[in-house]
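Remarks on the structure that follows.
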Amino acid sequence: MTTQEYLEALERVRIEGAARIASAETEAELTEVRNTLVGRKSGRLSHLMRELASLPESDRREAGARANSARATIEEKIGTRAMELGAKTSPQQNLDLSMPARQSWRGAKHPVTLIIEEIEGIFRDIGFTIALGPEAELEWYNFGALNFPADHPAMDMHDTLYLSDDVLLRTHTSPVQVRTLQSYPPPIRILAPGNVYRRDFFDASHAPMFSQIEGLAVDEGVSFVDLKATLSYFANRLFGKTKTRFRPSYFPFTEPSAEMDVECQLCSGRGCPGCKGTGWMEILGSGMVHPSVLESAGVDAERYTGWAFGMGPGRIAMLRYGIPNIRLLYDSDIRFLEQFAR
Ligand code: PHE
């Protein structure tokens with residue numbers, strides 16, 4: 001064999017070999033192809049490598065390098081094809097039907113976050129903006145400026161966590177009313193969502209930390225009609241068409257004060273254990289901002305009037321989604337939260 005013939009033979013093995021490797025459809029076929037190409041005894045390439053010795057001395061070096069490179073190419077192609085065939089066949093071969101499936105957890109917004117966002121959306125549509133205040137609050141903003149006298153019985157409504165003599169964890173979002181009134185001139189229409197803290201026992205319906213949403217509207221000529229109309233509109237958007245009623249109530253920082261009930265969402269007002277047979281569910285406290293609150297914040301109470309409300313989105317989430325125990329809102333159990341993924 002001349003050197004020229006030798007190199008041509010090498011080239012044929014390389015090209016034909018590549019084609020046969022590519023068309024091998026099973027691992028057994030590939031092994032067969034491998035033997036005919038690079039098998040130690042009868043492989044075509046192995047044979048050619050032994051032939052090297054018969055070439056003229058001066059050509060051996062170059063031809064040997066070509067043979068080695070052909071071998072490397074073929075081995076590499078066999079390796080790649082083996083992996084392709086393995087990927088195709090091994091799942092069936094290695095499939096263990098008794099293995100527990102791997103669980104994939106899906107993130108989801110917390111139900112209380114969903115409700116807060118929904119409420120923010122409704123009020124944003126009618127011109128309210130979002131305001132925020134600190135959770136560690138001065139006693140004055142939480143109580144004093146809101147018309148709680150130091151010994152007022154209303155103070156009993158709040159069992160407060162104090163951080164120091166005059167700093168506490170706010171017991172409601174109402175201090176944001178005062179901070180907003182101090183910072184911006186009327187007209188004011190704000191919504192203030194945030195966490196509040198009370199020294200409650202942790203039972204099915206009370207938690208030591210929960211979220212509230214405060215609302216405040218102040219301008220010239222604002223009346224109780226605005227309060228009723230806006231809050232009724234809100235309830236109808238949040239719950240779909242629903243009856244509402246206002247009951248007289250008491251808060252030191254509003255006068256007059258009213259709590260708003262909506263038709264029980266569980267029994268449509270017929271009366272059930274959920275609403276203790278009344279057919280109504282309380283969803284918020286509200287009232288006309290007390291003139292002394294406006295004055296505390298430096299707003300002219302002769303010129304301006306306003307109304308405010310506070311509600312608990314946690315309560316509303318429980319109503320909306322039929323959540324039976326408030327603890328579910330705080331456990332961060334992924335199996336619970338996952339149900340709110342959408
Ligand atoms: N701050 C009151 C509470 O926590 C709710 C409220 C807010 C009532 C604004 C009237 C006006 O119960």
Side-chain angles (χ1 to χ4, degrees), residues 17-39 71-122 124 130 132 135 169 193-198 200-213 237-240 265-266 273-274 311-342:
R20 292 187 55 197
I21 291 164
S23 61
E25 285 304 335
T26 64
E27 283 172 336
E29 252 177 77
L30 188 62
T31 306
E32 179 67 30
V33 172
R34 182 175 202 284
N35 282 335
T36 63
L37 293 173
V38 291
R71 190 186 175 95
T73 310
I74 283 173
E75 293 285 13
E76 192 193 307
K77 287 197 190 307
I78 289 173
T80 309
R81 186 66 186 150
M83 288 215 305
E84 286 169 8
L85 293 175
K88 259 196 245 169
T89 53
S90 68
Q92 284 132 39
Q93 285 165 2
N94 301 334
L95 191 62
D96 178 356
L97 290 172
S98 69
M99 283 261 286
R102 193 172 293 169
Q103 183 64 270
S104 71
W105 301 113
R106 236 182 110 189
K109 279 188 185 166
H110 194 281
V112 175
T113 305
L114 292 175
I115 293 292
I116 291 172
E117 288 179 355
E118 199 177 328
I119 292 171
E120 285 178 355
I122 295 170
R124 213 179 263 135
I130 306 299
L132 298 174
E135 292 179 22
L169 292 177
N195 292 329
V196 303
Y197 301 82
R198 291 186 193 173
D200 265 324
F201 288 107
F202 204 174
D203 65 21
S205 53
H206 296 88
M209 184 209 79
F210 56 99
S211 58
Q212 268 196 343
I213 300 183
R237 277 202 54 187
L238 187 64
F239 293 107
Q265 301 298 301
L266 306 171
M311 68 184 148
R315 245 181 84 82
I316 293 172
M318 290 172 75
L319 263 181
R320 162 72 63 86
Y321 300 116
I323 299 166
N325 191 316
I326 199 170
R327 278 176 184 266
L328 288 164
L329 299 180
Y330 299 90
D331 284 347
S332 301
D333 186 328
I334 197 87
R335 294 165 302 179
F336 168 74
L337 294 173
E338 222 182 11
Q339 301 174 74
F340 300 93
R342 48 180 187 184

Determine whether Phe340 and Lys109 make a side-chain contact, defined as any pair of heavy atoms from C-beta on separated by less than 4.5 Å. no
Between Arg34 and Glu75 (salt bridge meaning N to carboxylate O under 4.0 Å), is one present in this structure? yes
Is the shortest heavy-atom distance from the side chain of Leu85 to the side chain of Thr26 under 4.5 Å? no
Can you tell if the side chain of Glu120 reaches within under 4.5 Å of the side chain of Ile213, non-hydrogen atoms only? no
Side-chain contact, heavy-atom cut-off 4.5 Å: His206 with Asp203? yes
Can you tell me how far CZ of Arg71 sits from OG1 of Thr73, rounded to the nearest 0.5 angstrom? 11.5 Å
pair Ile115-Tyr321: side-chain heavy atoms closer than 4.5 Å: yes
Are the side chains of Phe210 and Pro313 in touch, meaning some heavy atoms are under 4.5 Å apart? no
Phe202 and Tyr330 aromatic centres sub-6.0 Å: yes
How long is the span from the CG atom in Leu30 to the CD1 atom in Ile21, to the nearest 0.5 Å? 7.0 Å
Atom CD1 in Ile316, atom CD in Gln265: separation rounded to 0.5 Å? 10.0 Å
Salt bridge (charged side-chain N to carboxylate O under 4.0 Å, His left out) between Glu118 and Arg237: does it pass, once the steps are laid out? CA-CA 10 Å; Glu118 199 177 328; Arg237 277 202 54 187; over 6 Å; no
Is the shortest side-chain heavy-atom distance between Arg124 and Ile130 below 4.5 Å? yes
Glu25 and Arg81 ion-paired at < 4.0 Å: yes
Asp96 vs Met99 side-chain heavy atoms within contact, under 4.5 Å: yes
Non-hydrogen atoms of Gly314 and Ser211 that approach each other most closely: N-OG, 4.3 Å
Measuring from atom CD1 of Ile116 to atom NE2 of His110, what distance do you get when rounded to the nearest 0.5 angstrom? 9.5 Å
Working to the nearest 0.5 angstrom, can you tell me the gap between Met318 CE and Ile326 CD1? 5.5 Å
Nearest 0.5 Å, what's the NZ-CG distance between Lys77 and Leu37? 12.0 Å
Test side chain to side chain contact (heavy atoms under 4.5 Å, CB included) on Val196 and Met209; report intermediate values, then the result. CA-CA 6 Å; Val196 303; Met209 184 209 79; over 6 Å; no
If you apply the rule side chain to side chain contact (heavy atoms under 4.5 Å, CB included), what do you find for Leu329 with Ile323, and how did you get there? CA-CA 9 Å; Leu329 299 180; Ile323 299 166; 3.9 Å; yes
Dump the intermediate steps for side chain to side chain contact (heavy atoms under 4.5 Å, CB included) on Ile119 and Met311, then the final yes or no. CA-CA 11 Å; Ile119 292 171; Met311 68 184 148; 3.7 Å; yes
Looking at every non-hydrogen atom in both residues, tell me the closest pair between Ala317 and Pro111 and how far apart they are. CB-O, 4.2 Å
What's the shortest heavy-atom distance between Pro193 and Leu132, and which atoms? O-CD2, 3.5 Å
